[in-house]
Structures are given as structure tokens and as C-alpha cells.
Amino acid sequence: MTMALRHLLDDDDDMDFKELLLKHIAPGLGCIIAFLMFVSPLKAVLQVRASKHLGDLNPLPLVAIIANCAAWLLYGCINEDPYVILANEPGLLLGVFMAISCYGFADLKARDLMLKAFLFFAVLISGAGITISLFIKKDSTASLISGYTAVFVLLCYYGAPLSTIAEVLRSRSAASLYWPISIMNTVNGLLWVAYGTAVHDMFIAVPNAVGATFGLIQLALIQFYPGKKGATTTNSGESGEYEPLQSSSTA
């Protein structure tokens with residue numbers, strides 16, 4: 001009887017550790033990696049602020065960062081998920097800072113595109129929030145609406161890595177890819193897949209599985225089409241490396 005009880009307690013310990021690993025450690029690490037991914041364009045943005053010239057930096061993905069984080073914050077708040085909130089709040093603040101910083105130095109065409117994208121996402125996400133607040137009574141329905149909204153925004157956000165992959169295949173050069181970011185994309189996606197599966201949330205698991213797949217594809221392209229990393233030059237004459245923004249749902 002004592003042996004059976006000890007075996008049962010050991011099983012409970014294993015289950016507790018597994019739950020701790022998948023439901024807390026994995027998303028906790030995901031929050032850290034998400035922050036590192038969101039902060040990765042900051043160096044390039046600070047160079048823009050210093051040189052007062054946008055150069056080759058594409059500011060449109062910065063608006064996508066704001067929209068992506070705002071949509072997942074809506075989903076996280078509705079579902080009372082602290083990890084989803086913690087992963088996306090820093091990204092929202094960084095996205096606002098970086099987008100506003102670049103807007104002032106962008107040409108009229110780039111400003112127009114940023115403004116249109118921002119208004120589109122603002123109407124979409126605020127519309128989902130208003131609909132949920134005024135017309136939806138069931139928590140499950142509210143979760144579905146916010147989840148589908150977040151996934152739709154994420155599909156727009158995934159335009160960046162898709163276009164980058166297409167360019168690598170066209171040019172047969174992976175110079176536009178940065179392997180540390182691709183690794184972070186992959187690991188981040190896998191961590192959130194583990195968490196989403198553990199809490200039975202497919203809105204978290206499935207998009208991050210797609211993000212992890214994009215990361216693996218990018219790593220494979222880096223191996224197949226190695227290329228020398230490019231460099232951007234600021235007006236001050238200083239040469240600084242800039243890698244294109246990469247995407248992940250981070251929720």
C-alpha cells in the first residue's frame with residue numbers, strides 16, 4: 001500500500017512539473033523572446049532618429065507591430081490570460097515609439113501608407129472591441145470574435161516574412177535574412193504552441209505553429225542560399241547593419 005501511494009505521489013509530481021513547464025515556464029520564456037524580437041528594430045529606428053533620414057528602413061511593419069500587439073492584447077484581456085498580455089504590452093509601446101519616430105522622417109508616400117494602415121487596423125480592432133462590449137453577452141463568443149480578429153491581423157503581419165521568403169527564392173540569396181531572428185522566431189513559436197496546446201487554445205497554438213514554420217523555412221533558406229549581409233548607410237556616413245523585421249504572433 002505504501003509503494004502504491006508513493007507511486008501515485010510520484011505521478012502527481014510529474015504532472016505538476018509538466019503543468020508548470022507547459023503552462024508557466026514556456027509562456028514565460030515566450031514573453032522574454034517576444035520582447036527581444038520587438039526590440040530588434042530599435043537600433044535601426046534610433047539610427048533614423050540620429051540621422052534624421054529614413055534611408056532604406058520600411059516603416060510599414062512598425063504599424064503592423066502595433067496592430068498585432070493591440071489585437072492580441074484585446075484577446076488576452078477578454079480571456080484573462082496574463083502571459084498573452086505580458087507578451088504584447090511591451091511590443092505595443094515599442095511599436096508606437098518606433099512608428100512615430102519614423103513617421104516624422106518618412107516621405108509623403110510612406111506617411112500616407114502608414115496612416116492608411118493605421119486607420120484600417122484601428123477601425124478593425126476598435127470595432128471588434130465595441131461589438132464585444134455592446135452586443136456580446138457570452139464569454140465564449142467574445143473570445144471567438146477577438147481570436148479571429150487577432151488571427152486576421154496576424155495574417156497581415158505575416159506579409160513581411162512571406163515577401164522576404166519570396167525575394168530570397170527569386171534572388172537565390174539569403175542576404176536579407178538574419179539567422180538569430182529566424183531562430184528566435186522558431187523557438188518563440190514553439191514555446192507558444194506548447195502553451196496553447198496545454199491550455200487548449202487553438203487561437204494561440206495554430207498561428208504560432210505557422211510562425212515557427214516560417215522560422216524553419218528561413219533557416220533552411222539561409223543554409224541553401226547563403227549571402228553576405230547588407231548594410232545601410234546613414235546620412236552621417238556611418239555604416240550600420242539593419243535586418244528586415246520578422247514576424248511572430250507572440251501570443
Side-chain angles (χ1 to χ4, degrees), residues 21-22 25-45 56-65 67-69 71-72 83-84 87-88 91 94-95 98 150-198 201-232 239-251:
L21 178 64
L22 296 178
I25 295 178
L29 291 173
C31 291
I32 295 173
I33 296 177
F35 175 77
L36 294 176
M37 292 173 65
F38 286 132
V39 83
S40 63
L42 185 60
K43 180 181 177 181
V45 172
D56 294 329
L57 177 61
N58 179 11
L60 201 57
L62 300 175
V63 179
I65 287 178
N68 181 64
C69 292
W72 284 108
Y83 292 113
V84 174
N88 288 281
L94 283 167
M98 293 187 293
V151 170
F152 174 79
V153 174
L154 188 60
L155 290 175
C156 299
Y157 189 38
Y158 278 153
L162 279 174
S163 61
T164 302
I165 290 171
E167 174 60 25
V168 170
L169 292 173
R170 185 193 65 80
S171 64
R172 296 183 177 273
S173 171
S176 60
L177 295 177
Y178 190 44
W179 67 264
I181 297 295
S182 297
I183 289 177
M184 283 196 293
N185 262 315
T186 304
V187 174
N188 180 69
L190 293 175
L191 288 170
W192 289 104
V193 167
Y195 174 64
T197 303
D201 191 330
M202 293 301 101
F203 282 120
I204 294 177
V206 174
N208 280 285
V210 176
T213 301
F214 280 149
L216 290 173
I217 292 173
Q218 290 169 353
L219 289 172
L221 290 174
I222 290 171
Q223 293 298 316
F224 286 126
Y225 303 117
K228 185 178 179 181
K229 292 189 298 183
T232 57
S239 176
E241 292 179 356
Y242 168 65
E243 302 298 341
L245 298 174
Q246 306 292 319
S247 298
S248 183
S249 66
T250 66

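Every value quoted in this text rests on a predicted model; they were computed, and no experiment measured them. Residue numbers start at 1 and run along the sequence shown. Side chains included, hydrogens not; waters and symmetry mates left out as well; all remaining heavy atoms used.
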Between W72 and L154, is a side-chain contact (heavy atoms from CB on, under 4.5 Å) present by the stated rule, with each step listed? CA-CA 9 Å; W72 284 108; L154 188 60; 4.3 Å; yes

Those residues at least two apart in sequence (or on a different chain) that pass side chain to side chain contact (heavy atoms under 4.5 Å, CB included) with A67 are F121, I125, V153

Quick one: do Y225 and S171 satisfy side-chain contact (heavy atoms from CB on, under 4.5 Å)? Show the steps, please. CA-CA 9 Å; Y225 303 117; S171 64; over 6 Å; no

So, taking the atom named CH2 in W179 and the one named CD in Q218, what distance separates them when rounded to the nearest 0.5 Å? 14.0 Å

Between N208 (side chain only) and I204 (backbone N and O only), is there a donor and an acceptor less than 3.5 Å apart? yes

In chain order, what residues pass the side chain to side chain contact (heavy atoms under 4.5 Å, CB included) check against V187, with sequence neighbours excluded? I33, I183, L191

Is there a side-chain contact between C31 and W192 in this structure, where contact means two heavy atoms from C-beta onward sitting under 4.5 Å apart? yes

Minimum-distance pair of heavy atoms, taken over all atoms of Y83 and P27: CG-CB, 3.6 Å

Does N88 use its side chain to pair, donor to acceptor, with the backbone of V84 at less than 3.5 Å? yes

Given side chains that start at C-beta, do those of I181 and S40 come closer than 4.5 Å, heavy atoms only? yes

Kindly state each residue pair satisfying salt bridge (charged side-chain N to carboxylate O under 4.0 Å, His left out) with at least one member in residues 188-197, sequence neighbours excluded. none

Please list all pairs passing the salt bridge (charged side-chain N to carboxylate O under 4.0 Å, His left out) test where one or both residues lie in residues 159-168, with sequence neighbours left out. E167-R170

Any F214 side-chain heavy atom under 4.5 Å of N185 side chain: no

Can you give me the closest heavy-atom contact between A87 and A34, atom names plus distance? O-CB, 4.0 Å

Do the non-hydrogen side-chain atoms of L94 and I65 ever get within less than 4.5 Å of each other? no

Of all residues at least two apart in sequence or in a different chain, which pass the side chain to side chain contact (heavy atoms under 4.5 Å, CB included) check with A198? L22, K23

With sequence neighbours left out, write down each residue that passes salt bridge (charged side-chain N to carboxylate O under 4.0 Å, His left out) with R172, or none if nothing qualifies. none

Going by the side chain to side chain contact (heavy atoms under 4.5 Å, CB included) test, name the single residue among I222, I217, L221 that passes it with V168. L221

